[in-house]
2 protein chains.
Amino acid sequence: MPKYELDRVFQALADTTRRSMVERLVRGPASVSDLARPLDMSLPAVMQHLQVLEACGLVRSGKTGRVRTCHIEPEVLRAAEEWITRQRTSWERSLDRLGDYLTEDPQATADQEPENRSTS
Amino acid sequence: MPKYELDRVFQALADTTRRSMVERLVRGPASVSDLARPLDMSLPAVMQHLQVLEACGLVRSGKTGRVRTCHIEPEVLRAAEEWITRQRTSWERSLDRLGDYLTEDPQATADQEPENRSTS
DNA sequence: AGAATGCTTAAGCGACTACTTGACTATCGA
DNA sequence: TCGATAGTCAAGTAGTCGCTTAAGCATTCT
C-alpha cells in the first residue's frame, strides 16, 4: 500500500456520509439505492461518494441486471488501520524509552532524542 | 468522540505531509522548525498543516520563549483506530454469519440480511 | 544595540469537493 | 408494450484546501 493510496483512503473516510456507507457495507453487500435510502441527498450524490470509495479500493461493486451491488474490501480498511496502529505503538515505545531515561544512568541514553542540536 | 470529530481526524490524516509530521511526533516532541526541516515547503505552509493537526486534537503545542514545541495526543489517534477496527471486526462477524448460513439449517437464519425486501 | 532566529498573520490563487438539477439509458414487471 | 425502477452522465456552483509571497513581531545571540 503506497503512500498516496493512504491519502485517498483517509480522504474517503473523512466524510460522515461515506463512513456511514462503510458502516452499512461491513454488515453485508448492498445495492446503490439501499445505500441511498437512509441518506438525505440525491442519488447522483450517493454515486459520487461511492466512486470515491471505489477509487481508493475500499469498496467494489458489480452490476447484475439494473442493480449494482457493492461490498467492502477489508484489506484496504486494514491498511489504514495498520498505519495508525504503527504510529500508536511507536509512540508507546518512545514513552517507554522516556521512562528508562528518567530512571536509569544518564549516559546510557545519551544522544537519542533531540535529533537537531541546532543547525549552526 | 462525536462523528464530526472523526471527519476532521481522518481529513487531517489524508495528507502525506501531515502524516509525516505525525510520524515524526510519535518519536518524541519537536519544534515547528524541526517539523519543517525535512519538508519541501514554506514555514507558513507547515504552520497551516500544524493547525489542522491541532484543530482535530491530534497534536498539541505550547510556546516557550520563541520556540513552539509540539507533541501528539495519542487518544485521538486511538479513536480513529477504533472506528476502523470496529468496522473490520463487524465485517468479520458477518462473514462468520455467512459461513453459518451456508452450512446450517436454512430456517435458522431466515430474515437476517437483505434488510430491504423492496419498497413496494 | 543590532542582527539572526523562530514563529505568526494576511492576502491571494488555482485546484478540488460535495453537492445540485436535468436529461438519458437499461432493465423488470404487469 | 408501457410504466416504473435503478442507475448514469454532464454541467454548474458555492465553499474548502494547500500552497505561495510579503510583511511583522517577539526572543535570543553577539
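Each chain gets a letter, A, B and so on, in the order its sequence line appears, and its residues count up from 1.
Of the candidates B:E73, B:E82, B:E81, B:E81 is the only one forming a salt bridge (charged side-chain N to carboxylate O under 4.0 Å, His left out) with A:R88. Checked against A:R68 for a side-chain hydrogen bond (donor to acceptor under 3.5 Å, both in side chains), the options A:S61, A:S31, A:S33 give a single hit: A:S61.
Across the protein-nucleic acid pair, A:F10 atom CZ and D:dC17 atom C1' stand 18 Å apart, rounded to whole Å. The CG-P distance, from B:D15 to D:dC17, rounds to 11 Å in whole Å. Here the P atom of nucleotide D:dG7 and the CZ atom of A:R37 are 9 Å apart, to the nearest Å. The interatomic distance linking A:L35 (CG) with D:dG7 (C1') rounds to 13 Å, in whole Å. Look at CD on A:Q11: it is 9 Å from C1' on C:dC16, rounded to the nearest Å. Protein atom CG of B:D34 is 11 Å distant from nucleotide atom C1' of C:dG6, rounded to whole Å. Atom CG in A:L43 sits about 13 Å away from atom C1' in D:dC9, given to the nearest Å.
In terms of phosphate contacts, B:S42 brings no side-chain nitrogen or oxygen within less than 4.0 Å of OP1 or OP2 of D:dC19.
Formation of a donor-acceptor pair under 3.5 Å by the A:R60 side chain with backbone atoms of A:H71 is not found in this model. Panel note: side chain B:R24, backbone B:L35; no donor-acceptor pair is recorded below 3.5 Å. At least one donor-acceptor pair under 3.5 Å links the side chain of A:S94 to the backbone N or O of B:V26. Judged by distance alone, the side chain of A:R86 and the main-chain N or O of B:E23 form no donor-acceptor pair under 3.5 Å.
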Going through the distances and angles, do A:D7 and A:Q11 end up as a side chain to side chain contact (heavy atoms under 4.5 Å, CB included)? CA-CA 6 Å; A:D7 275 36; A:Q11 180 70 282; 6.0 Å; no
A:R8/A:E5 under salt bridge (Lys or Arg N to Asp or Glu O under 4.0 Å): CA gap, chis, key distance, verdict: CA-CA 5 Å; A:R8 298 209 276 190; A:E5 284 286 358; 3.8 Å; yes
Table of protein N/O atoms under 3.5 Å from nucleotides 24-27 of chain C N/O atoms:
residue	atom	partner	partner atom	Å
C:dT27	O2	A:R66	NH1	2.9

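Residue B:M41 places its side chain closer to D:dC19 than to any other of D:dG7, C:dA18, D:dC19.
Aromatic ring pairs are classed by plane angle as parallel below 30°, tilted from 30° to 60° and perpendicular above 60°; the pair A:W83 and A:F10 is perpendicular.
The 5' end of DNA chain C is approached more closely, in terms of each residue's nearest nucleotide, by B:R68 than by the other of B:R68 and A:R18.
If you check every strand for non-hydrogen atoms under 4.0 Å, B:S33 touches sugar and phosphate atoms only.
Of the residues in residues 44-55 of chain B, B:P44, B:M47 come within less than 4.0 Å of DNA chain C through at least one heavy atom, sorted by number.
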